[in-house]
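See structure below.
In the text below, chain A, chain B and the rest are named by the order of the sequence lines, each starting its count at 1.
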Number of protein chains: 2
Amino acid sequence: MVIGKNIERTEKMVEHFREVCRESGLKVTPQRVEIYRALASTKMHPDVEMVRESLNASMPNLSTDTIYRTLSMFEEFGLVTRIEAIGNRARYDADTSRHPHFFCTECGCVKDFHCDEMETIAAPRSAKKLGRVDSVHIHVRGVCNECLAKE
Amino acid sequence: MVIGKNIERTEKMVEHFREVCRESGLKVTPQRVEIYRALASTKMHPDVEMVRESLNASMPNLSTDTIYRTLSMFEEFGLVTRIEAIGNRARYDADTSRHPHFFCTECGCVKDFHCDEMETIAAPRSAKKLGRVDSVHIHVRGVCNECLAKE
DNA sequence: TCCTTAATAGGAATAATTACTACTTAGGAT
DNA sequence: ATCCTAAGTAGTAATTATTCCTATTAAGGA
Ligand SMILES: [Mn+2]
Ligand SMILES: [Mn+2]
Ligand SMILES: [Zn+2]
Ligand SMILES: [Zn+2]
């Protein structure tokens with residue numbers, strides 16, 4: 001995972017993360033900051049293993065358990081969104097705004113795209129009859145350009 | 001898992017399943033028929049364990065491996081749809097028509113609802129720029145009426 | 001009925017996630 | 001600045017979901 005693009009934006013997000021921690025009485029540990037920064041600085045929607053790899057140089061003793069615990073905690077506090085992609089590994093997104101995803105069924109990559117209609121479509125009455133609707137999720141599946149090129 | 005409603009419709013689906021098997025050179029084994037029937041006769045979108053439980057009386061020796069293998073094969077041949085619900089168990093739907101789902105974040109249940117807009121919305125250019133789009137998936141998350149009643 | 005090959009059962013292996021616990025540390029109090 | 005304490009972490013074990021393996025079985029064609 002490459003880190004380094006849009007450093008200003010990333011650091012702004014990290015600062016916001018620190019504030020949320022302080023407001024919520026969560027300790028701002030180096031592990032939490034680095035895990036959050038790893039997510040905020042990439043568009044790859046990383047899973048736990050990708051986070052571990054990207055931090056391996058700077059934090060070689062970071063434990064798997066800490067990554068899992070930390071990401072779950074982030075989700076609970078609305079700092080990240082958990083993405084149920086294809087396959088079995090949970091992936092995370094530091095962009096918590098509502099937006100659709102492209103899932104490649106070949107390589108498993110997850111990409112953002114934008115679509116006003118998909119970002120604003122509301123749950124219909126038929127859905128609300130089933131219970132309380134908290135969020136709407138849209139994704140498309142297909143084969144990404146990189147995988148198409150390989151074929 | 002309760003089986004038995006809409007028996008005619010279920011049996012029509014089972015007959016179609018048999019035809020697909022014959023056409024594709026797949027053996028019509030009792031295991032396959034019962035697993036397919038278990039899916040076709042419920043609206044619960046069962047996971048592997050639910051299928052096993054529902055068939056435990058009639059097929060006590062049905063192996064987990066067979067259920068996994070069979071459901072994957074069904075998906076490959078377009079007989080069922082695999083649903084990536086919340087949490088870690090894959091769920092399956094014998095209704096392969098495009099329709100949105102309601103996921104309860106409390107009990108994990110999966111319910112159907114209908115919404116013309118969600119069933120016809122097409123992938124936008126911004127998605128197609130990322131690769132070949134094969135399908136569009138929409139679901140909502142919330143808390144189902146049963147869980148709301150318990151609170 | 002026989003034969004061939006696909007399919008199954010049962011158990012072992014793998015992969016993802018969670019649980020446990022002794023040790024560490026962030027951040028408030030002194 | 002130092003101390004205290006509860007919250008957090010590392011390392012490891014346990015659990016859970018899924019896949020792999022292989023000897024045995026049986027579907028469906030000859
Ligand atoms: Mn995203
Ligand atoms: Mn459905
Ligand atoms: Zn790809
Ligand atoms: Zn519920």
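Non-hydrogen atoms lying under 4.0 Å from DNA chain C are contributed by A:Lys27, A:Val28, A:Pro30, all within residues 15-35 of chain A. The stretch residues 63-73 of chain A touches DNA chain C through A:Asp65, A:Tyr68, each having a heavy atom within less than 4.0 Å of the strand. Of the residues in residues 77-91 of chain A, those lying under 4.0 Å from DNA chain C by heavy-atom distance are A:Asn88, A:Arg89, A:Ala90.
The distance from atom CG of B:Leu62 to atom CG of B:Leu55, rounded to the nearest 0.5 Å, is 6.0 Å. In this structure, A:Ile83 CD1 and A:His45 NE2 are separated by 4.5 Å, a value rounded to the nearest 0.5 Å. The CG atom of B:Leu79 lies 10.5 Å from the CG atom of B:Leu71; values are rounded to the nearest 0.5 Å. One distance of note links CD of A:Glu34 with CD1 of A:Ile67; it measures 12.0 Å at 0.5 Å rounding. A distance of 6.5 Å separates OG1 of A:Thr64 from CZ of A:Arg52, quoted to the nearest 0.5 Å.
Not one N or O on the side chain of B:Ser126 forms a donor-acceptor pair closer than 3.5 Å with the backbone of A:Phe113. A donor-acceptor pair under 3.5 Å links the side-chain atoms of B:Ser54 to the main chain of B:Val51, judged by distance alone.
Between B:Pro100 and B:Glu119, the closest side-chain pair of non-hydrogen atoms falls below 4.5 Å. Between A:Val28 and A:Val33 the shortest side-chain heavy-atom distance falls below 4.5 Å. In this structure the side chain of B:Met73 reaches within 4.5 angstrom of the side chain of B:Leu26, judged on heavy atoms.
A donor atom on one side chain and an acceptor atom on the other are not found under 3.5 Å apart for A:Arg69 and A:Ser72.
A side-chain hydrogen bond (donor to acceptor under 3.5 Å, both in side chains) check over residues 11-26 of chain B, counting only residues at least two apart or in different chains, returns the pairs B:Glu11-B:Arg37. Listed by first and then second residue, the salt bridge (charged side-chain N to carboxylate O under 4.0 Å, His left out) pairs involving residues 70-98 of chain A are A:Asp47-A:Arg89, A:Arg82-A:Glu84 (not counting sequence neighbours).
Rounded to an integer number of Å, the gap from B:Met59 CE to C:dT8 C1' is 10 Å. Rounded to whole angstrom, the span from the CZ atom of A:Arg52 across to the P atom of C:dA16 amounts to 12 Å. Rounded to whole angstrom, the span from the CG atom of A:Asn61 across to the P atom of C:dT24 amounts to 13 Å.
When DNA chain D is scanned 5' to 3' for any atom under 4.0 Å from a heavy atom of chain B, the first and last hits are D:dA17 to D:dG28.
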Identify all side-chain donor-acceptor contacts of residues 129-151 of chain A below 3.5 Å with residues at least two apart in sequence or on another chain.
residue	atom	partner	partner atom	Å
A:Arg132	NE	A:Asp134	OD1	2.9
A:Arg132	NH2	A:Asp134	OD2	3.3
A:Ser135	OG	A:His137	NE2	2.8
A:His137	NE2	B:Arg141	NE	3.3
A:His139	NE2	A:Arg141	NE	3.3
A:Arg141	NE	B:His137	NE2	3.4
A:Asn145	ND2	B:Lys129	O	2.7
A:Asn145	ND2	B:Leu130	O	3.3
A:Glu146	OE1	A:Lys111	NZ	2.8

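No continuous path of ILVMFWY side-chain contacts below 4.5 Å connects A:Ile121 to B:Phe103, so the two sit in separate hydrophobic clusters.
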Close N or O pairs between protein and nucleotides 12-14 of chain C (under 3.5 Å):
none

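By the ring-ring contact (aromatic ring centres under 6.0 Å, His included) test, A:Phe17 pairs with A:Tyr36, A:Phe74, sequence neighbours left out. For the salt bridge (charged side-chain N to carboxylate O under 4.0 Å, His left out) test, no residue two or more places apart in sequence or in another chain qualifies with A:Asp112. Listed by chain and number, the residues in a ring-ring contact (aromatic ring centres under 6.0 Å, His included) with A:His99 are A:His101 (sequence neighbours excluded).
The terminal axes of the helix from C:dT1-D:dA30 to C:dT30-D:dA1, fitted over 5 pairs per end, subtend an angle of 40° to the nearest 10°.
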